[in-house]
Amino acid sequence: MTKAQKAEAAQNRAAKRSGFERGSRSFIMSRIRGTDTSIETLTRSYLFARGLRFRKNDKRYPGHPDIVLPKWRTMVFINGCFWHMHDCGNCKIPKSHVEFWTAKLERNKARDARQHAQLRAQGWRVIVVWECELKTVQARAERLEKLYRQITDGNDAEQPGSAEQPNSTEQPE
């Protein structure tokens, strides 16, 4: 077996291990969008239909909130469970390059906490909506109604005894 054949065989083995042809992973990762995701669009449509007016992805604020409601002094972040390390069970660290992914996702989580604290210090209310809360039709309807109430009532606090998912809103400290 020549050197070229050995190199080709090694590439084929690597491609089979990763589950993607050479160059495909990069293409797939480049298609992951940071703004105007389906869950963001869904949430914005619901709030607009309920009569709320807002700015989207405003770059003037830390963290570039997905929805800014100046009238209500509220910012809404719509987070994907994987990228923001939600503890719902949908966040699984990839099995390849574990150190890289762990460090990256931990940095994301720390950055989110820091940016939310900055916004609270500026007098904004911060509400986080998680991807997993919008998965099923029934859960989506309940969470979006709850979001509307949180915005308009100005109440971020969970009701005692409610069986809501943890981390759906962040409390001021």
Side-chain angles (χ1 to χ4, degrees), residues 27-94 101-102 104-173:
F27 176 77
I28 291 167
M29 293 302 281
S30 74
R31 295 289 168 250
I32 297 173
R33 299 163 50 135
T35 60
D36 293 332
T37 62
S38 60
I39 56 176
E40 286 179 32
T41 308
L42 177 88
T43 305
R44 286 196 310 257
S45 296
Y46 177 83
L47 294 177
F48 191 85
R50 293 293 304 261
L52 297 179
R53 299 302 177 250
F54 48 83
R55 292 191 299 256
K56 65 177 199 161
N57 305 318
D58 198 331
K59 296 189 184 336
R60 294 179 290 176
Y61 302 105
H64 308 272
D66 298 308
I67 299 172
V68 179
L69 299 121
K71 177 180 177 180
W72 305 97
R73 293 291 294 167
T74 301
M75 296 198 177
V76 179
F77 288 87
I78 302 165
N79 289 345
C81 295
F82 173 75
W83 294 107
H84 298 273
M85 285 192 79
H86 189 219
D87 56 356
C88 64
N90 291 334
C91 177
K92 294 187 179 25
I93 304 292
W101 283 109
T102 303
K104 177 177 182 50
L105 298 175
E106 288 291 340
R107 282 192 313 267
N108 287 356
K109 195 172 187 176
R111 183 190 63 228
D112 288 345
R114 187 175 59 252
Q115 290 168 342
H116 294 178
Q118 287 176 333
L119 292 169
R120 280 192 220 97
Q122 295 172 7
W124 291 92
R125 284 185 301 133
V126 175
I127 301 172
V128 176
V129 177
W130 292 99
E131 174 185 18
C132 63
E133 296 176 315
L134 302 174
K135 283 231 188 258
T136 65
V137 175
Q138 182 180 358
R140 180 182 311 139
E142 291 171 6
R143 180 59 181 119
L144 292 175
E145 178 59 34
K146 180 181 174 188
L147 174 64
Y148 178 78
R149 283 193 319 272
Q150 287 176 302
I151 293 167
T152 57
D153 296 346
N155 181 13
D156 289 344
E158 298 287 332
Q159 298 300 323
S162 70
E164 296 291 329
Q165 283 228 307
N167 297 332
S168 62
T169 61
E170 297 202 11
Q171 302 299 316
E173 297 171 9

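Only this structure's heavy atoms are used, side chains among them; waters, hydrogens and symmetry mates stay out.
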Treating R111 as the side-chain partner and G63 as the backbone partner, does any N or O pair qualify as donor plus acceptor under 3.5 Å? no

How far apart are the closest heavy atoms of V128 and E133, and which atoms are they? O-OE1, 4.2 Å

Please report the shortest heavy-atom distance between I151 and T74, naming the atom on each side. CG1-CG2, 4.2 Å

Could you tell me which residues satisfy side chain to side chain donor-acceptor pair (under 3.5 Å) with D58, sequence neighbours excluded, listed by chain and number? R55, R60

Measuring from T152:OG1 to K71:NZ, what's the distance to the nearest 0.5 Å? 10.0 Å

Starting at NE2 of H86, measure out to SG of C91 and round the result to the nearest 0.5 Å. 10.0 Å

For the residue pair N90 and K135, establish whether any side-chain heavy-atom pair is separated by less than 4.5 Å. yes

CG-CD distance between L134 and E142, expressed to the nearest 0.5 angstrom: 11.5 Å

Quick one, W83 and K104 - any side-chain contact, counting heavy atoms below 4.5 Å? yes

Under a 4.5 Å cut-off applied to non-hydrogen side-chain atoms, are W130 and R143 in contact? no

Measure the CG-CD1 distance between N79 and I39 for me, rounded to the nearest 0.5 Å. 8.0 Å

Which atom of C132 lies closest to which atom of C81, heavy atoms considered: N-SG, 3.4 Å

Test item: side-chain donor near acceptor, Q118 and Q122, under 3.5 Å: no

Would you compute the distance between atom OG1 of T37 and atom CG of L42 and round it to the nearest 0.5 angstrom? 9.5 Å

As an exercise, state the distance from NZ of K56 to OG1 of T43, rounded to the nearest 0.5 Å. 12.5 Å

So, for L69 and R53, which heavy atoms are closest and what is the spacing to 0.1 Å? CD2-O, 3.8 Å

Heavy atoms only: give me the nearest M85-K109 pair and the separation to one decimal. O-NZ, 3.7 Å

From the list I67, V129, V76, N57, side chain to side chain contact (heavy atoms under 4.5 Å, CB included) partner of E40 resolves to N57

Looking at F77 versus H84, is the centre-to-centre ring distance below 6.0 Å? no

R44 side chain to F54 backbone, donor-acceptor under 3.5 Å: no

Could you walk me through whether W72 and R125 satisfy the side-chain contact (heavy atoms from CB on, under 4.5 Å) test, starting with their C-alpha distance in whole Å, then the side-chain angles of each, then the deciding distance to 0.1 Å, before giving a yes or no? CA-CA 8 Å; W72 305 97; R125 284 185 301 133; 4.1 Å; yes

Does Q115 reach the main-chain N or O of P62 with its side chain, forming a donor-acceptor pair under 3.5 Å? no

If you define the side chain from C-beta out and look only at heavy atoms, does anything of V137 sit under 4.5 Å from R140? yes

